[in-house]
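A quick write-up on the structure given underneath.
Just so you know, these numbers use all the heavy atoms, side chains as well, and skip hydrogens, waters and symmetry mates.
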Amino acid sequence: MKQKGTSVSLFGKFKSIQSAMMASFSLLIIFAGLTFLLIAVNYTNKAIYENSIHYTTQIIRQVNRDIDAYIDYMENISSVIAKSSDVSRYLFDENQTQEQYAEERERILTQFHTIMESRSDIYNIAIVADNGKYIVNSGTDKLTEYIDIKSLDWYQKTMQASGAIVVSSSHVQNAIQSSYQWVITLSRALVNNQTGKKEGLFFVDLNYSAISNLCNSNHIGNKGYIFLVDANGNVIYHPKQQLLYGGLLTEKIDDVMRCDSDYFFTDQGEQRRLYTISRSKKTGWYAVGVAYSFELLKNTKQAQAMYLLVAAGLLLGVLVLSNRLSQDLTRPIRQLRDCMSTVEEGNFEASVDIAVANEIGSLSRSFNMMTDRIRALIEQNRYEQEQKRKSELRALQSQINPHFLYNTLDSIIWMAEDEKNEEVVVMTAALARLLRQSISNEQEQVTVAQEIDYVRSYLTIQKMRYQDKLEYEIEVSSEILPVSIVKFTLQPLVENAIYHGIKYKETKGKVRVRGFVEGKTAYLAVEDDGAGMDEQQVRKLLEEADREEAAHTRKGGGVGVSNVQKRLRLYYGEEYGISYTSKAGVGTCALVSIPLSGGRNEKVDEKPGK
């Protein structure tokens, strides 16, 4: 038959149900807490990023609006100058007198002075014609001789534009002597009304700090910043312009120009940045806001710490609660387990008192019924065993061989007829003592001294019957005499020694009874120098069955060694009883071992319940 494998569940590895419940509760709570924490953190990060994108988008759109308004204002100024008749006549009318030129120049300078006085953000203001005429600032500043202004990039772009205002990227203005400032040039072509062609331009160099102030008036964190890029990807303004031009700093200009949305993220870890982009429809410039993730998420750490604190508090509370619940749930099981352990130790009086209407209560009631039933069966078995021992004792007491009794009485009659009165008295007295000892004492145990007296009476009779065949000797230590022993232990052994050893010996034999102590064990030895036995006969003698014992008793007159062996082991345990040593033709020794403490010494129990 195929044996089924034993399956062990995960929680079967725990030593107690409470531990399994605590572990399962803890795992569930930890899993739920980590899931909540992960969702909360991700949601918080997502919300912070969305808010940051919205916030920075609003900021850079405001920057674009401010710059557009600023450019609009400058465009209005340039429009006033460009459309001035004084400017057109001064630059392109060759038919005027010197006085007219002087008057027109003075009016133009007045306008320039008014503009520069009202605007501190203007470095230079100038008009320049292809014919070489120009006015710069207060009229005293000169164009740089070794630089052809027409070759400058911003000049060419202005002349190529369709009359619209052109705003350059940031650059060093080197067209004016002794100027050389970082500026943003706002320029506009001037048309010669006589020819209808663009033959000059008006330009204003805006202080770089004007754009810087517009950008820096809005903040994106402590490290975040805003920079401007024109439609061609040229940096108009950057808070670290010098580092950028020096190659010590790079910016994601290409990513800005390729981005199809309003924002993108770049890099990872602490340097992860959010780029938010807004393009001006007026200037075509890109206002770009840069925010660092660690600044955006700085409040997230506080939120995460709060989440962790809340999760830890909840976990601790749930663990305490689950521990209490698991204790309450497993308390009946522990009570049942402890009661079972008590029953395992042999105490069937134990019972468990669990008044619950669930499976544990049903199991407890069944367990109590089982222990009650076992206890009743044990009591019944004890009673039956005591009755059995009592019956065996009575049977043993009645096993005085009738043939032995008849022969003894015949011997008494023979000695009386032969007028051997003293021998008759001795044999009759011995027989009387033997009979009195076998039927008067209902106790299962007697002292060794009483057992020796019984054996002495028995040997006295046997010696008188077999005067020429039997001698005996009794040598018992006084230390062993008070020890309790199962009644009728030695007589069957002495009887076997006579009938199976001495009787078949051609010469006179001797039976020797000895008693001594070794350690905590008392020994009684019955020795004879009769025929002896081989090992097989000894083994058969100790293992014979009741049927063989009965037949043997009828044949040889013995009372059964196995009966004595069973009673000895029943009283004292398997380590005590009878052991035989024998040698054919030499003799046999039957050695009885009993505890020096005497073991049980009680009357036969009454029937339970009576």
Side-chain angles (χ1 to χ4, degrees), residues 381-382 384-400 437-438 441-455 458 474 476-477 479-500 511-528 533 537-546 548-550 552-553 556 558-582 588-605:
N381 183 65
R382 181 183 294 116
E384 291 174 354
Q385 291 297 324
E386 293 294 344
Q387 293 299 315
K388 181 179 178 180
R389 285 198 299 270
K390 186 175 181 180
S391 298
E392 290 176 353
L393 180 62
R394 289 174 179 173
L396 190 59
Q397 291 174 351
S398 65
Q399 281 181 355
I400 297 178
Q437 290 173 350
S438 64
N441 192 352
E442 293 186 356
Q443 289 184 347
E444 295 186 16
Q445 286 186 302
V446 295
T447 63
V448 171
Q450 292 173 311
E451 186 72 5
I452 292 298
D453 288 342
Y454 181 81
V455 169
Y458 178 78
I474 298 176
V476 179
S477 171
E479 187 178 359
I480 199 176
L481 292 177
V483 176
S484 297
I485 188 172
V486 176
K487 190 176 181 181
F488 300 124
T489 296
L490 296 181
Q491 186 272 332
L493 302 180
V494 173
E495 182 177 355
N496 282 340
I498 294 173
Y499 284 98
H500 297 285
V511 176
R512 186 183 180 192
V513 179
R514 295 188 300 116
F516 57 92
V517 175
E518 288 185 3
K520 295 183 179 181
T521 304
Y523 294 95
L524 290 168
V526 177
E527 302 169 343
D528 69 77
M533 298 179 290
Q537 289 175 315
V538 172
R539 188 165 51 253
K540 182 179 179 181
L541 179 63
L542 293 174
E543 297 176 354
E544 64 183 355
D546 292 339
E548 295 171 341
E549 176 186 336
H552 175 73
T553 301
V559 294
V561 174
S562 63
N563 189 314
V564 178
Q565 181 78 306
K566 289 178 183 178
R567 292 192 300 123
L568 287 173
R569 290 186 174 177
L570 183 64
Y571 267 79
Y572 306 125
E574 293 295 325
E575 65 271 25
Y576 298 101
I578 306 171
S579 61
Y580 272 90
T581 56
S582 182
T588 302
C589 175
L591 184 64
V592 178
S593 62
I594 60 174
L596 192 60
S597 61
R600 295 175 48 172
N601 186 10
E602 56 186 27
K603 293 184 179 181
V604 177
D605 293 341

Self-check item: Criterion side-chain contact (heavy atoms from CB on, under 4.5 Å) on L481 and V483, from CA distance to verdict
Solution: CA-CA 6 Å; L481 292 177; V483 176; over 6 Å; no
Practice problem: Could you give me the CA-CA distance, side-chain angles and deciding distance for L596 and V517, then say whether side-chain contact (heavy atoms from CB on, under 4.5 Å) is met? | Solution: CA-CA 8 Å; L596 192 60; V517 175; 3.9 Å; yes
Quiz item: I594 and Y572: side-chain contact (heavy atoms from CB on, under 4.5 Å), yes or no, with the steps?
Solution: CA-CA 7 Å; I594 60 174; Y572 306 125; 3.4 Å; yes
Exercise. Carefully, step by step, assess V494 and Y454 under the rule side-chain contact (heavy atoms from CB on, under 4.5 Å).
Key: CA-CA 11 Å; V494 173; Y454 181 81; over 6 Å; no
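With sequence neighbours excluded, the residues satisfying side-chain contact (heavy atoms from CB on, under 4.5 Å) with S477 are E479. Annotation: side chain to side chain donor-acceptor pair (under 3.5 Å) contacts of S582 (sequence neighbours excluded): T588. Residues passing the side-chain contact (heavy atoms from CB on, under 4.5 Å) test with T581, sequence neighbours excluded: C589. For Y523, the ring pair (Phe, Tyr, Trp, His ring centres under 6.0 Å) test picks out F516, with sequence neighbours left out.
For the pair E451 (side chain) and I485 (backbone), a donor-acceptor distance under 3.5 Å is absent. The backbone N or O of I578 lies less than 3.5 Å from a partner atom in the side chain of Q565, making a donor-acceptor pair. Under a 3.5 Å cut-off, the side chain of Q450 and the backbone N or O of T447 do form a donor-acceptor pair.
Atom CG of L570 sits about 15.0 Å away from atom OH of Y576, to the nearest 0.5 Å.
When all heavy atoms of R567 and F488 are compared, the closest pair comes out as NH2-O, 3.3 Å. I452 and V476 make their closest contact through CD1-CG2, 3.7 Å (heavy atoms, listed as atom of the first residue, atom of the second, distance). In terms of heavy atoms, A497 sits closest to V526 at CB-CG1, 4.3 Å.
No side-chain heavy atom of L524 sits less than 4.5 Å from a side-chain heavy atom of L493.
Applying the side chain to side chain donor-acceptor pair (under 3.5 Å) definition to pairs two or more places apart or across chains, those involving residues 511-522 are E475-R512, R514-E527.
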